[in-house]
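Order of appearance sets the numbers: ligands from 1, and atoms from 1 within every ligand.
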Amino acid sequence: MPVSPPRRDAVTADGPAILFLCLGNICRSPLAEGAARAAFDAAGFAATLDSAGTGDWHAGHPPDARAQAEARRRGIDIGDLRARQLVPEDFRRFDLILAADETNLRDARAIAPADATARLLLMLDLVPGRAGESVTDPYYGADHGFAATWDDVSAVASALVSEFASST
Ligand code: 4NP
């Protein structure tokens, strides 16, 4: 039987390794991953990009249909992403773990291994003037919440590309 290639980039790829984190890994963090993939591609920078949730309820599921629709409206297909739960190894595999909100940050810290090398920040800490803010969870809200989520995560993606452009 043919062996499928890994769905996500190998962590050995050049460029920063960044993990986007939320609760379910079906709304905010896959949108952030999709926005970052598009931004790094457009800038011509290599990066290893992934996303995860602190919870495991949606492991193996594609992004929420509303998140997929919002990404599509912005010209990006996130339908091939599949949710997974954050694991301690992520703190050694990634340079940066970006959490959507304070609860995600606290839950991530609770499983960080003693030899963690990843920096753990809020996503919006990277966006000028928005440090300490959360990306609001659109899961239980109206569909227009996903447009606001996209705006937030695309600001994060732009800030990441600017940061890595100025550090290379
Ligand atoms: P996310 O949104 O953390 O942005 O993926 C949520 C998805 C699912 C649930 C909560 C938030 N849930 O309770 O199932």
Practice item. Could you tell me whether E33 and R84 make a salt bridge, using a distance below 4.0 angstrom between a side-chain N and a carboxylate O? Key: no
Check your understanding: So do R74 and S154 actually touch side chain to side chain, heavy atoms under 4.5 Å?
Key -> no
Review point. Do any N or O atoms from the side chain of D125 and from the backbone of A131 form a donor-acceptor pair under 3.5 angstrom?
Key: no
Check your understanding: Is a donor on one side and an acceptor on the other found under 3.5 Å between the side chain of T48 and the backbone of I18?
Key -> no
**Study point:** Distance-only polar pair, side chains of N104 and D101, donor-acceptor under 3.5 Å
**Key:** yes
Revision key, fill the gap. Near ligand 1 (heavy atom, under 4.0 angstrom), the protein residues are C22, L23, G24, N25, I26, C27, R28, H58, D137, Y139, Y140
Check your understanding: Are R28 and Y139 in a cation-pi contact, defined as NZ or CZ under 6.0 Å from the six-membered ring centre and within 45° of the axis?
Key -> no
